[in-house]
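Single-structure report; data block below.
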Amino acid sequence: MLETVIFFFLAGLAVAAGVAILLSTSIVRMAYWLITMLVAVGGLYFLMGADFVGVIQILVYVGGVAVLLVFGVMLTSRQLAPKLRPGRGEVLWLAIVGFVLLEALTLSVLHTRWQQNAMAPGNSVGEIGRNLLGEFLGPFELVSVLLLVAMLGAAYLARPKVPTQGPQHTKGTMVS
Amino acid sequence: MYTYERPKVEYKGLSRPIVQLAMKWGPIGIPLLLRFAWGIFFAALVFVVAFVWLVGHFLNPLLPWFLRDLVVVVGLLAFVCIVAIIGIWGERKVSGRIQSRLGPMRTGAWHGWAQSLADGLKFVQKEDLIPRDADRPLFRLAPYVALVPAFCAYLTLPFGVGWVFHDSDVGLLFVLAMLAIEVLGVIMAGWASNSKWSLYGAMREGCQLVSYEIPMGLSLLAAVLSVGSLSLVELGRVQDGGWWSWLLFQNPFLFFAFFTYYIASLASCKRSPFDLPEGESELVAGFHTEYSGFRFVMFFFAEYAGMFAVSALATIIFLGGWNAPVPGLASPLWFVIKSTFLVWVQMWIRWTLPRIRIDQVMHACVKYLLPFTLLLFVGSSLWQLYDNPDHPWFEGFAAVVRFGLGGLGLLLLGLYFAGAAYGFYHRNRLVGQMVRKHLPGA
């Protein structure tokens, strides 16, 4: 009974926040609605007894990704409150992409067999660790290599374009 | 003659009955409260002990679970508020002692203990200002986003065996996650205030916290690795049996991991020398420049709750938690004493060290603290091979290292107390020669 009430509260909050992301025009407001949605989904994980997944959701998405997102928005905005509004051509593309994504998600939800063998509710962290380094070692390593590549790409993009302190700059004139 | 009169403040909502109550009963109640302070203090102490005993022995089996939860949550909330109030008073006294001034002395009875209560009354009465160009909903929401996670962190903090609201098997990560949400409130406040000082403070907070979270988590992981559990209760339980079995003295890498964790935790709760987000010398008051009244108090409460939470984490993981220095005396009291000591060290550091620049803060984290904690993490993983019970020779080696580190820790503590006693004995002695220089014309 109480679980149902809490579930509908959290799920409704997540859906409402998702709709609010689409409807709001200020980027910062959008970021905070996104955070609301992520926290609500984390709450759903807690409700299901998956403490580890819920905590990681909050620690990584809310504490790391969302903070960096808000931070990036603040640093890159020209005006103090940047507005976002898609153009005519963009709406078409967005509609196509959104429709394909929605279709893919709906189909995958409908065609997955959800009756998996349930995990024991005890020490979920140890079980996850054993599975990650045992059965799913290959995908785990693949994902870490992917993350490494993404990090290298970010470092490459963020490097200074002009060499700021080369030896040829400081050779001739000494400004003191 | 022209005098400007402020328009009379109209109190609305919840603050109205509080102000009316304070206006009506303050002049009578406060002198009485100060007159019988010691009696009230001891009565409250006896009442709390009796209440805890009653709930623990008789009511807890009878109570339905939601009432039990309600009682514990209200108790934790009261604990957080008391920690914040005593912390604010303690901050003033410590700063006064360190900088050779008095701190609150003339008002508020014995050493000004009631000063924080008076502050609270003052802040409730103050006008709730919101700047005209502020982002109103975010501005009003920000203090709650800062305070509520700081309180939520206490839900999985064990004060002793059985003295915990929810014994989660990922308790450590839960506390870290809650402390990580707190930064959002600060960034929200800085953005919504629509003031350049607030925005600078919020941006400093963002980059500082996201960077220092990594060394903080890695130092804790080094300890988690040697125990093999993320549950705070389990982490405290393995350190039973004397000061030499505390994780701090288990291996040399954990000994240093404690100090790196402590430095990173100073940065993560915005304490000096890392208090750049509210650097008063540069940014007026940083992210809470535009806040007044009770919303300002909520930021303060969040800071002090966060200070105690990170100290409690250090206590549970490195300093044995509720276990006494001698075996068999485990009690929640030890936990509170050790955590309070660490909070006091935070204040000590704040009033001793000067503030460093923001680029120095980032430099210290990324170039020195982060590689060092990575080294500690790798070293602590390798130490697990040494600590293997299958090889008695290595076991003997590990025991020698453990007792050596324990002796070192005891020596440091002894030196600290000896220094404190020396300073107290010579407390009236001036540093250097006293200079007597008459002012011209005196």
Side-chain angles (χ1 to χ4, degrees), chain A residues 1-2 5-6 20 24-36 38-39 42-43 45-46 49-77 79-82 119-130 155, chain B residues 65-66 69 133-135 137-138 141-142 145 148-149 152 155-156 166-188 190-196 198-200 202-211 213-214 216-217 224 228-231 234 268:
Chain A
M1 175 56 205
L2 191 64
V5 172
I6 295 175
S24 59
T25 49
S26 155
I27 294 186
V28 176
R29 290 274 181 90
M30 276 184 210
Y32 280 113
W33 279 117
L34 179 68
I35 290 161
T36 313
L38 292 171
V39 171
Y45 289 138
F46 280 123
D51 280 9
F52 183 71
V53 186
V55 162
I56 290 298
Q57 162 97 4
I58 290 179
L59 194 63
V60 172
Y61 282 104
V62 179
V65 174
V67 168
L68 284 182
L69 186 70
V70 175
F71 199 61
V73 167
M74 282 181 184
L75 280 179
T76 51
S77 67
Q79 307 129 1
L80 206 55
M119 243 205 243
N123 189 1
S124 63
V125 187
E127 204 61 34
I128 287 171
R130 233 163 272 131
Chain B
W65 58 269
F66 54 89
D69 286 1
D133 290 334
D135 192 339
L138 289 185
L141 189 64
V145 177
V148 171
C152 282
L155 292 181
T156 55
H166 177 54
D167 179 13
S168 170
D169 58 344
V170 288
L172 173 61
L173 281 179
F174 185 81
V175 175
L176 284 183
M178 288 301 137
L179 292 177
I181 297 184
E182 203 190 323
V183 57
L184 277 179
V186 172
I187 292 180
M188 197 187 271
W191 168 263
S193 296
N194 208 349
S195 136
K196 60 180 170 187
S198 304
L199 194 60
Y200 277 136
M203 278 162 57
R204 286 177 173 186
E205 164 92 5
C207 59
Q208 178 177 320
L209 266 197
V210 171
S211 328
E213 243 171 27
I214 301 167
M216 191 174 161
V224 166
S229 171
L230 282 169
S231 158
E234 185 61 35
S268 88

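Residue numbering restarts at 1 for every chain, and letters A, B, ... go by the order of the sequence lines.
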Under 4.5 Å from a heavy atom of chain A, the part of [X] involved:
{"X": "Leu176(B)", "value": "both"}
{"X": "Leu138(B)", "value": "side chain"}
{"X": "Met188(B)", "value": "both"}

Among pairs that include at least one residue of residues 24-35 of chain A, which meet salt bridge (Lys or Arg N to Asp or Glu O under 4.0 Å), considering only residues two or more places apart or in two chains?
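For residues 24-35 of chain A: Arg29(A)-Asp135(B).
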Out of Val60(A), Asp51(A), Ile56(A), which one racks up the most heavy-atom pairs below 4.5 Å with chain B?
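Ranked by heavy-atom pairs under 4.5 Å with chain B, first place is Asp51(A).
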By a 4.5 Å heavy-atom criterion (distance strictly below it), what part of Phe46(A) contacts chain B: side chain, backbone, both, or neither?
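For Phe46(A), the contact with chain B is made by the side chain alone.
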Can you tell which part of Tyr32(A) gets under 4.5 Å to a heavy atom of chain B, answering side chain, backbone, both or neither?
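For Tyr32(A), the side chain is the part near chain B, not the backbone.
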For Glu234(B), salt bridge (Lys or Arg N to Asp or Glu O under 4.0 Å) partners two or more places apart:
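Checked Glu234(B) against salt bridge (Lys or Arg N to Asp or Glu O under 4.0 Å); matches are Arg237(B).
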Over all atoms of both residues, closest heavy-atom pair of Ala180(B) and Leu59(A)
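Closest pair (atom of Ala180(B), atom of Leu59(A), distance): CB-CD1, 4.3 Å.
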